[in-house]
Amino acid sequence: VEHLRFGILIMLAWTIYISFLGVLALILLPRASAQAARVIALSAALAGLAVTLTAFTQQKTGALVTVVRVPWIPSLGIEYHLAADGISLTLLLLTGIVAIAGIFFSWNIEHRAKEFFAFYLALIGGVYGVFLSFDLFLLFVFYEIAIIPKYFLIAIWGSTRREYAAMKLALYSFVGSAMVLIGLIAAFVLAGAKTLNLIDLAHFPFPVHFQMWAFPLVFVGFGILAGLWPFHTWAPTGHVAAPTAASMLLAGVVMKLGAYGCLRVAMVLFPRGLDAWGFHILGFGSWRDVFALLALIGIVYGAMVALVQKDFKFVVGYSSVSHMGFVLLGLMTLSQIGLSGAVLQMFSHGVLAGLLFAVVGRMVYDRTHTRDLDELEKMNLYKFIPFAAVTFIVASMASIGLPGFSGFVAELQVLIGTWRAFPLYAIVAGIGIVIGVAYTWRAMQKAFIGKAESNILHHSLPPISIPERIGAAILIGVSLAIGLYPQLILSRIIPALNSPLFDGLRKGSWQ
Amino acid sequence: MIATGYSTLFRLVLPETIVAATALILLTVDLLLMRGSRTSVRFAIGALISSIGCTGSILLMLIKPQQANIFDGTLVIGPQTQLIQIALLALTILVILISIESTFTEHVGEYLALILFAVTSMMLLVSSQNILLIFLSLELLSLSLYILAAFNKRSVQSAEASLKYFIFGATSAAFILFGFSFIYGLTGSINLLHIADAIKGPSLDPLLAAAIVMTVIGFGFKVAAVPFHFWAPDVYEGAPSGSAALIASSAKVAGIVIFYQVMVIGFSGVEGSGVWRNYIPGWVPVIACIAVLSMVLGNLVAISQTSVRRLLAYSAIAHVGYMLLALVSHTEQSFSALLYYALTYALTTVGAFGVVAAVEAKTGSDKLSDFSGLSRRAPVLSFCMLIFMLSLAGIPPLAGFFGKFYLFTAALAAAPQTLGLLWLVILAIAMSAVSLYYYLQVLKRIYIADPPANAGPIQVSIVSQIILCLIAFGVALLGCVPSILLGRL
């Protein structure tokens, strides 16, 4: 039995290989048949999800499992080292789910479908790789592999100002990863240039003055991708310009890459960087104070900007910035409840943001060809596509914290953690949630309910298709399952947070 | 000194001799037997002969590795030197193979023979520690390259490029010779190791400083580092694609390698230091300035280019800037990093020029707009270009990424505790983030822009496609498994 369990966990590496084999199959696919491309992409994504799901059920404790570890570049001590703990597993599962849903919601792609799904699977493969890597070189390689497909997905299949948005996203990501690279190379050299193994480096006592500059550098580097205010501006433009499946992936998993990097690399490698400086500037006594405030600004600012948007997709785009603020705030609480809340929020936001983008991009925009809320207001959409209206309401309520859904558990944990660490911030973040209710209400009213007397739609819209229903059902089901039984994921996250990897973090300002 | 017979010498320079002899055979065959044949046939036969010659030379070095240091450093051969020579030959074969479809000249024999003479001089160049032989090989190389750049007699641009190249090159040769003569006057030796022994001292002799600066200027011209880069964009743009590829790839490798050896072996003891806030006068700070200027100017100017060849020229200037980091840190690891970087960069550049040449042959120019919609007109070519551009930008898992990682790590590891060269590494990484922008501009044209309305598919010969795919595969392989090259450096 133990052998079997281990065998299944070893299979996790195949999530990466299957995705890239899918890319290869799509490149070699002779005819430009959209149907064949979809089927290949769906099978690859299904296989990936099957592997993560099986591994997830097998690994109940969340302890660290080495999947594969072989020397890669021996002269520099770099290894091909894949491993998974509870945090990785949670995010792998998220990737699998969002990937499948994304394919269902892009079933209608006909234009250069073969290339679309090739880039899509390459992105997924890179994301799986990041979540599985325990060698920092390998992690960085996968992290950068994920940048390029995003660029092409947005620039070729996108909408509003797609080339601008794609380039902005690519350059922001690349600048972020350049910052990370500086930190990693410096850490590598300081530790003797013998290894880039995450676990070894986590226990290496880097000088405090080094950690004091390396931590913010790497944290911001990853934070850019997590939508850290004021470096978030790529996110709304990128999300809006991206085709539906790409914005689902962007908001659903790519932003999580950033948050994951903040936790897994910046905080684990340089825990002393969170310590007090020993002096105060403008009331800030440590990087922790600085980043907590930036996260808080992200929450409130994102919500307030979402409140005044004219474009339906921008509402969801800014709400993503707001919700990712909770993840970063949770990380800065430096407590078990706050951190587990942050990881749970990554999962929850991944599922729900994916669903929201699907409603806006696929269900509404592909049918009405407008995302202007004033235009939509005249259409009374809920009469034509009630399924979309209900899905939007459920998803947005779930993401602002309706009890029973995953968003509630996650945000509650983050708020409790924040209350202990920064009581005032918890109150302000609570106000952020209230603004969240307001922008959701406004968007829903304008987009779906509208004015009863005006109805400019004379013809009926195409009904919600089966793939769309399946995609929505999967995402809502997952959010509901986690909301009703959070232990499902928490039982894997919490042991991982208690593992020796986070020892350095627990010694400092841990609460 | 050990007496060395001519038989030993002949044995040691046999690889070079094979290549030079191949050039002569090629000339004979082409001029005597094939005058009446079509250009394409002559190119095919010529390429075959030269490839056989180069391959023979490579095989000889692989089967019978040599190790020697004869005539007091005139010829220094070891595993590393031979590896560089093999790489230079391999790159040259690729350059010849991507240019076999050229139609710009009827003087096929002369063209290919000059390429072979150039590679012979490169092989000699990298295996010498004698400044006289270094200068001679460098001039043989440069003279071949001047003619190669001018080889398209029908094109005014080609003539202009060559003239510019010649004037700048001749000036730089004068600088190098001037510098070398001062050095000889100061030390009484033409062997780099003896020179290093003679100049070691507590203070820097002003005359020596002048000599070093002259040498740096001269080599700066040869490798096209800022502010000595003016010839590069014109030559890259005007020269026939094969010549440009040779100048950009193997000639660049040979140039940077010998630059490193002259500075690090010959002028050890007067390095000084470029460490932040711990500056010591010497040649390292000078190189550090040149590196900074090259990285910044090369990358920023490349952004505004509309010709792909000029873009590649400015990117080459930027890449030389990164490579000069190895001179600044000058440890053993730096040299191995420099070799890995230069070789993979050269491979990628040959591939990029191959794609440009193929597109140019069909559309008539190398403007960015001519690449519009290439992915729908020539998918294989486009995919190869995707790999080359991303590798140049330093995106993993391609060779360009590991090259940068290794080079920057080596630079930092020169002063591991203080991270003294961190300022240079930060600048280099920041500039490589800038470079992604212009490489993406090329890819944007290829993959995103729509093809011109009346444009049909671009037919590329199967040989070119195979060669380009092989190069792309090589770039990916060297990136994924760097150890295959790293273990030998």
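Because the structure is a prediction, the values reported are computed rather than measured. Proteins get letters first, then strands, A, B, ... in listed order; numbering begins at 1 in each.
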Query raised in the report: So Phe402(B) and Leu76(A), side-chain contact (heavy atoms from CB on, under 4.5 Å) or not? Walk me through it.
Result: CA-CA 11 Å; Phe402(B) 183 75; Leu76(A) 293 178; 3.7 Å; yes
Query raised in the report: Can you list the steps and then say if Phe152(A) with Leu386(B) is a side-chain contact (heavy atoms from CB on, under 4.5 Å)?
Result: CA-CA 11 Å; Phe152(A) 286 109; Leu386(B) 177 80; 3.8 Å; yes
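Here the closest non-hydrogen pair linking Ala155(A) and Ile448(B) is CB-CD1, 3.2 Å. Nearest heavy atom pair, residue Ile73(A) against residue Pro482(B), reads CD1-CG, 3.5 Å. Nearest heavy-atom pair across Tyr447(B) and Glu115(A) is CD2-OE1, 3.9 Å. Closest non-hydrogen pair, Gly394(B) versus Glu144(A), comes out as O-OE1, 3.6 Å.
Summarising the local packing, CZ of Phe20(A) is surrounded by more than 12 heavy atoms from other residues, nucleotides or ligands at distances under 6.0 Å. By the 6.0 Å contact criterion, CZ on Arg69(A) is enclosed, its count of non-hydrogen atoms from other residues, nucleotides or ligands being greater than 12. The number of heavy-atom neighbours closer than 6.0 Å to CH2 of Trp423(B), taken from other residues, nucleotides and ligands shown, is above 12.
Residues Ser75(A) and Ser483(B) form no side-chain contact, since every pair of their non-hydrogen atoms from C-beta on lies 4.5 Å or further apart. Between Pro416(B) and Leu190(A) there is no side-chain heavy-atom pair separated by less than 4.5 Å. Looking at heavy atoms from C-beta onward, Ile395(B) lies out of side-chain contact with Ile147(A) at the 4.5 angstrom threshold. Between Tyr151(A) and Leu443(B) the shortest side-chain heavy-atom distance does not fall below 4.5 Å. At a threshold of 4.5 Å between non-hydrogen side-chain atoms, the residues Lys404(B) and Leu181(A) do not count as touching. Contact annotation: the side chain of Pro396(B) never approaches that of Phe142(A) to less than 4.5 Å [non-hydrogen atoms, C-beta and beyond].
Taking CG from Leu440(B) and CG from Leu171(A), the interatomic distance works out to 7.0 Å, rounded to the nearest 0.5 Å. Between the CD1 atom in Ile426(B) and the CG atom in Leu217(A) there is a gap of 7.0 Å [rounded to 0.5 Å]. Taking CG of Leu412(B) as the start and CD1 of Ile182(A) as the end, the distance is 9.5 Å to the nearest 0.5 Å. Ile185(A) CD1 to Leu419(B) CG: the interatomic distance, rounded to the nearest 0.5 Å, is 11.0 Å. Interatomic distance, CZ of Arg112(A) versus CZ of Arg376(B), reported as 3.5 Å (0.5 Å rounding).
For the set Ile145(A), Val175(A), Ile78(A), Ile27(A), the count of heavy-atom pairs under 4.5 angstrom toward chain B peaks at Ile145(A). Of all the listed residues (Ala449(B), Gly479(B), Pro379(B), Pro397(B)), the one sharing the greatest number of non-hydrogen pairs under 4.5 Å with chain A is Pro397(B). Ranked by heavy-atom pairs under 4.5 Å with chain B, the first of Ala186(A), Ala170(A), Ser177(A) is Ala186(A).
The six-membered or imidazole ring of Phe174(A) lies away from that of Tyr437(B), with a centre-to-centre distance of 6.0 Å or more.
Contacts of Phe401(B) with chain A are made by side-chain atoms alone, with heavy-atom separations under 4.5 Å and no backbone atom involved. No part of Tyr143(A) comes within reach of chain B, as not one of its non-hydrogen atoms sits under 4.5 angstrom from that chain. Proximity to chain A (any heavy atom under 4.5 Å) is shown, for Thr418(B), by neither the backbone nor the side chain. For Pro74(A), the parts lying under 4.5 angstrom from a heavy atom of chain B are both the backbone and the side chain. No part of Leu184(A) comes within reach of chain B, as not one of its non-hydrogen atoms sits under 4.5 angstrom from that chain. Of the two parts of Leu390(B), only the side chain, counted from C-beta on, holds a non-hydrogen atom closer than 4.5 Å to a non-hydrogen atom of chain A. Interface residue Ala393(B): only backbone heavy atoms are found under 4.5 Å from chain A.
The main-chain N or O of Cys480(B) is found under 3.5 Å from a side-chain atom of Trp72(A) such that the two form a donor-acceptor pair.
Under the 30°/60° scheme for interplanar angles, the aromatic rings of Phe405(B) and Phe137(A) are found to stand perpendicular.
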